[in-house]
Amino acid sequence: MCGRFSLVCSKTAIAQTFNVSSVPDFIPQYNIAPAQTIATIRQDLEQQERQFQLMHWGLIPHWAKDEKIGYKLINARVETVTEKPAFRQAIRSQRCLILADGFYEWQHQGKTKQPYYFQLENHQPFGFAGLWERWNNPNGEENVSCTILTQAANETVRLVHERMPIILSPTVYSQWLDPTLKDSETILSLVQHNPNLRVYPVSSKVNRATYNQPDCILPLDEAVEIL
DNA sequence: CCAGACGTTGTT
DNA sequence: GTCTGG
DNA sequence: CCAGACGTTGTT
DNA sequence: GTCTGG
């Protein structure tokens, strides 16, 4: 699955990689946890241009009575996303790119867990396959939230964990964002991508969701040589 | 018909 | 909102 | 994902 | 054990 990730690259790198004109200032996020505000790109039906959009991580479907459901909907399995009531509408017309440049997975080692950090070999930022929703709270205020699609782990990630987030190829960003593309077979064909990943163990400081320092993504000194 | 769920992961 | 279960 | 709370009454 | 918060 994907329960933590990072976005620490420059505004310039984001503007270039995702072809958006204006990227607002934001603080580097070494340790992004569910419920936090995250950077995304979406394309609305009314808007022709893709736009940078901040969202809350944890999908709150438009029909939800309570925003707490968002804590459970941080991931959507690609194998079932077109069937599940919570995701069925969003997969058709409310897809987004969730901006990241690395992600964490935890490996169970007996009683303890060891976090690992994954990134692209070229260190470039990338887009997770995401879905978004609008939700109005009881005071009528709009909340925009999102979830990350997951798939079976590839060869690299499987050494640590059974599931991994879906990283889209830059060549399909436009189609993924196009809300008029509603054919589920075509949509699901877009997620076929298996980029080479670099992985190393990191400090368990990252376990604490409020810890947001550069050493989150540094290789652990006493590296566990199992990979 | 109404009521209740709507999710993933990991562990047992 | 929409589907499933009773 | 992991960490941390999980409760009420009454008094300060 | 289960839920909430980050």
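Scope of the values below: all heavy atoms of this structure, side chains included, with no hydrogens, waters or symmetry mates. In the text below, chain A, chain B and the rest are named by the order of the sequence lines, each starting its count at 1.
One hydrophobic cluster, built from ILVMFWY side chains closer than 4.5 Å, cannot hold both V144(A) and V20(A); they sit in different ones. With hydrophobic clusters built from ILVMFWY side chains whose heavy atoms lie under 4.5 angstrom apart, W132(A) does not share a cluster with F52(A).
With rounding to whole Å, I38(A) atom CD1 is found 13 Å from dG6(E) atom C1'. We find that CZ of R208(A) is positioned 17 Å from P of dG5(E), with the value rounded to whole Å. Here the P atom of nucleotide dC2(D) and the CG atom of N212(A) are 18 Å apart, to the nearest Å. Atom P of nucleotide dC1(D) and atom CD of Q114(A) are separated by 16 Å, given to the nearest angstrom. dT9(B) atom C1' lies 13 Å from atom NZ of K84(A), rounded to whole Å. Y104(A) places its OH atom 20 Å from the P atom of dG6(E), with the value rounded to the nearest Å. With rounding to whole Å, I32(A) atom CD1 is found 17 Å from dC2(D) atom P. Residue E162(A) contributes atom CD, which lies 13 Å from atom P of dC1(D) at whole-angstrom precision.
Phosphate contact (OP1/OP2 of dT9(B), side-chain N/O of H108(A), threshold under 4.0 Å): absent. Phosphate contact (OP1/OP2 of dG6(E), side-chain N/O of R4(A), threshold under 4.0 Å): absent. For dT8(B), the OP1/OP2 oxygens have a side-chain nitrogen or oxygen of T80(A) closer than 4.0 Å.
Taking atom P on both nucleotides, dT12(B) is separated from dT2(E) by 13 Å, rounded to a whole Å. The gap from the P atom of dT8(D) to that of dG5(E) amounts to 16 Å, rounded to the nearest Å. Remark: the separation of the P atoms in dT11(B) and dC2(D) is 9 Å, to the nearest Å. With P as the reference atom, dC3(E) and dA5(B) are 12 Å apart, rounded to whole Å. On the P atoms, dG7(B) is 28 Å away from dG7(D), given to the nearest whole Å.
To the nearest 0.5 angstrom, D66(A) atom CG is 10.0 Å from Y71(A) atom OH.
Nucleotide dA5(D) is matched to dT2(E) when pairs are restricted to Watson-Crick or G-U wobble geometry with both distances under 3.5 angstrom.
Considering only the side chain of A35(A), dG6(E) comes nearest among dC2(D), dT8(B), dG6(E). When each of dC2(D), dC3(C), dG7(B) is scored by its nearest atom to the side-chain atoms of A86(A), the top-ranked nucleotide is dG7(B).
Judged by distance alone, with hydrogens and angles left aside, the side-chain atoms of E105(A) form no donor-acceptor pair with the main-chain N or O of M164(A) at under 3.5 Å.
Within 4.0 Å of T150(A), counting heavy atoms only, lie sugar-phosphate atoms of the nucleic acid but no base atom. Using a 4.0 Å heavy-atom criterion, one finds that F5(A) contacts no nucleic acid atom at all.
In this structure, the side chains of I98(A) and F5(A) come closer than 4.5 Å at one or more pairs of heavy atoms.
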| F128(A) and W176(A): CA distance, side-chain angles, deciding distance, ring-ring contact (aromatic ring centres under 6.0 Å, His included) verdict | CA-CA 11 Å; F128(A) 286 136; W176(A) 183 258; over 10 Å; no
| Stepwise, does the ring-ring contact (aromatic ring centres under 6.0 Å, His included) test hold for Y104(A) with Y116(A)? | CA-CA 5 Å; Y104(A) 301 93; Y116(A) 289 80; over 10 Å; no
Report, one line per pair, each donor and acceptor closer than 3.5 Å where one atom sits in a side chain of residues 9-17 of chain A; sequence neighbours left out.
unit_1: S10(A); atom_1: OG; unit_2: A13(A); atom_2: N; d: 3.0
unit_1: K11(A); atom_1: NZ; unit_2: V23(A); atom_2: O; d: 3.2
unit_1: K11(A); atom_1: NZ; unit_2: D25(A); atom_2: OD1; d: 3.1
unit_1: T17(A); atom_1: OG1; unit_2: A13(A); atom_2: O; d: 2.8

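Within residues 61-78 of chain A, the residues approached by DNA chain E to less than 4.0 Å at the level of any non-hydrogen atom are K68(A), Y71(A), in residue-number order.
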